[in-house]
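As a basis for the values below, the full set of heavy atoms in this structure was taken, side chains included, without hydrogen atoms, waters or symmetry mates. Numbered from 1 within each chain, the chains take letters A, B, ... in sequence-line order. Since this is a predicted model, take the numbers as computed values, not measurements.
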Amino acid sequence: MDWFSDSDDIKTGFARTLSGWYEHHKRDLPWRHTRDPYFIWLSEVILQQTRVVQGRPYYERFVAAYPTVQSMADADERDLLRLWQGLGYYSRARNMHRTAHYVANELKGQFPNTYEALLKLPGIGTYTAAAIASFAFNEKVAVLDGNVYRVLARVFGIEDDIITGPAKKTFSRLATELIQQTDDPATYNQAIMEFGAIQCTPVSPDCLICPFQPVCDAYQTGRQRFLPVKSKKTAVRDRYFNYLVIRQGNRLALKERTQKDIWQHLYDFCLVETEEPLEAFRELPEGDVLNWVLQEGILKGLSAERTHVLSHQRIRARFWRIDLPEDRTVPLPAGLFFYEPADLEQLPKPILVVDYLKSLHF
DNA sequence: AATCCGGGGCG
DNA sequence: CGCCCAGGATT
């Protein structure tokens, strides 16, 4: 079927074509069966910078664990972080908890029902506010996410660098104009993102069966690979983590990460970071921890080594095993506490630590 | 405007 | 190995 008739302005046909495509191709996703702002919000926060296939199981677990905004507000933040474990960008979970508190206790459980009001809540930016406002309250406000930038840049041949402010404005203006063409903004927003996610993909978009083929600027000019324009360069920094895995009997010593750094409020082992890789344990910088180990512990040697890659850091981690005698009480360095396996399991931990623990098998 | 914040999947 | 994902907060 040809979605575009001669009398169609491209912008007029765009929304209608998108809706037609969506009805045939949309995935069955759990958050598409509700208009409850709590579940919409939960799904949107989980899906920030996260693929649907990765976020979906987390959404299911969160819905089961916290069926209402009040139940989430009442939860311990540590339990929230534990359920969030493995999703990354952990400040999302903490902002989510703050917003749950505010909505449950200050707004009597009722989410704000406008874009402008939603925007004020912690962890809700322009994208998420637009998503909730349109999906839950049918407000005619356009979402702008990575999918939308890509689809619009290609179809309308926009070459502005999407990192810049002026470009965001250009895209926003166009997106706003486009959503005016429909009386179902919720479906329109879902449709354009779904289209970007499963058809107009970043690499090898499926142009051969694309309904926009006749009008798509990128397709007509063969520029799919070069649109959208994104100048971003990823400067990856190397860091060297030396973990002292202190063990006494079946207990391990962990510490909450409270400093302003990655993995805030997650738990890991006694950490000594160095500027260069540590070849031998004796190269540890002199300090309390080294003195403590030499005096109290029995060094069992290098236990594991792995590289953990984040978006802008590459962490080279080495794990050194320290065993303490079981027959006496040894005071641990500040911040460290012993946990038995069952308690340790309940702590939120970076995947790097989770994976190492799996390799310990005890 | 630039930087920081995770983890995973895919070519 | 590089890119990018239903981005937001901070500086």
Inset, instruction - Classify the nucleic acid contact of A:Asp261 as base, sugar-phosphate or nothing, counting any heavy atom under 4.0 Å across all strands shown. - result: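 It contacts sugar-phosphate atoms only.
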Inset, instruction - Select base, sugar-phosphate, or nothing to describe what A:Gly196 touches, counting heavy atoms under 4.0 Å on all strands. - result: nothing
Less than 4.0 angstrom between a side-chain N/O of [X] and OP1 or OP2 of [N], yes or no?
X        : N     : value
A:His312 : B:dT3 : no
A:Trp263 : B:dG7 : yes
A:Thr128 : C:dG8 : yes
A:His308 : B:dG7 : yes
A:Gln313 : B:dG6 : no
A:Tyr89  : B:dC4 : no

For the residue pair [Y] / [X], report whether a side-chain donor-acceptor contact shorter than 3.5 Å exists.
X        : Y        : result
A:Arg150 : A:Asn147 : yes
A:Arg16  : A:Gln181 : no
A:Asp74  : A:Gln70  : yes

On a whole-Å scale, what distance lies between the [atom1] atoms belonging to [N] and [M]?
N     : M      : atom1 : answer
B:dG6 : C:dT11 : P     : 15 Å
C:dA6 : B:dC5  : P     : 23 Å
C:dA9 : B:dG8  : P     : 24 Å

Legend entry - A:Ile262, nearest nucleotide to its side chain (from B:dC5, C:dC4, C:dA6):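 So the side chain of A:Ile262 is nearest to B:dC5.
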Legend entry - Closest to the A:Ile351 side chain, choosing from B:dG6, C:dA6, B:dG8: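 Among the listed nucleotides, the one closest to the side chain of A:Ile351 is B:dG8.
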Nearest-Å distance, [atom1] ([X]) to [atom2] ([N])?
X        : N     : atom1 : atom2 : answer
A:Tyr90  : B:dG7 : OH    : C1'   : 7 Å
A:Met96  : C:dG8 : CE    : C1'   : 14 Å
A:Tyr127 : C:dG7 : OH    : P     : 6 Å
A:Asp145 : C:dA6 : CG    : C1'   : 5 Å
A:Arg92  : B:dG6 : CZ    : C1'   : 8 Å
A:Lys349 : B:dG6 : NZ    : P     : 16 Å
A:Ile192 : C:dC5 : CD1   : P     : 14 Å
A:Arg306 : B:dG7 : CZ    : C1'   : 14 Å

Inset, instruction - Taking the six-membered ring of A:Tyr240 (Phe, Tyr or Trp), confirm whether the NZ or CZ of A:Arg316 is under 6.0 Å from its centre and within 45° of its axis. - result: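 The answer is no, since A:Arg316 fails at least one limit relative to A:Tyr240.
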Legend entry - Stretch residues 28-53 of chain A: residues that reach within less than 4.0 Å of DNA chain B through a heavy atom: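 Of all residues in residues 28-53 of chain A, the ones placing a heavy atom under 4.0 Å from DNA chain B are A:Gln49, A:Thr50, A:Arg51.
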Legend entry - Backbone of A:Asp79 reached by a side-chain donor or acceptor of A:Asp76 within 3.5 Å: no
Legend entry - is_close_aromatic(A:Phe281, A:Trp320), centroid dist under 6.0 Å: yes
Inset, instruction - Only one of A:Trp263, A:Phe241, A:Tyr356 passes ring pair (Phe, Tyr, Trp, His ring centres under 6.0 Å) with A:His308; say which it is. - result: A:Trp263
Report all interatomic pairs (protein N or O, nucleotide N or O of nucleotides 9-11 of chain C) with separations under 3.5 Å.
unit_1	atom_1	unit_2	atom_2	d
C:dA9	OP1	A:Gly123	N	2.6

Inset, instruction - Look at the rings of A:Tyr149 and A:Phe171 and say which category their plane angle falls in: under 30° parallel, 30 to 60° tilted, over 60° perpendicular. - result: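 Correct class here is perpendicular.
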Inset, instruction - Using side chain to side chain donor-acceptor pair (under 3.5 Å) as the criterion, point out the one residue from A:Arg78, A:Lys255, A:Arg257 that pairs with A:Tyr267. - result: A:Arg78
Legend entry - Contact list for residues 200-214 of chain A, test side chain to side chain donor-acceptor pair (under 3.5 Å), sequence neighbours left out: none
Legend entry - Trace of the side chain to side chain contact (heavy atoms under 4.5 Å, CB included) decision for A:Val148 with A:Val143: CA-CA 7 Å; A:Val148 178; A:Val143 292; 4.1 Å; yes
Legend entry - Upstream residue (5' side of DNA chain B) when A:Leu266 and A:Ser204 are each assigned their closest nucleotide: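 The answer here is A:Leu266.
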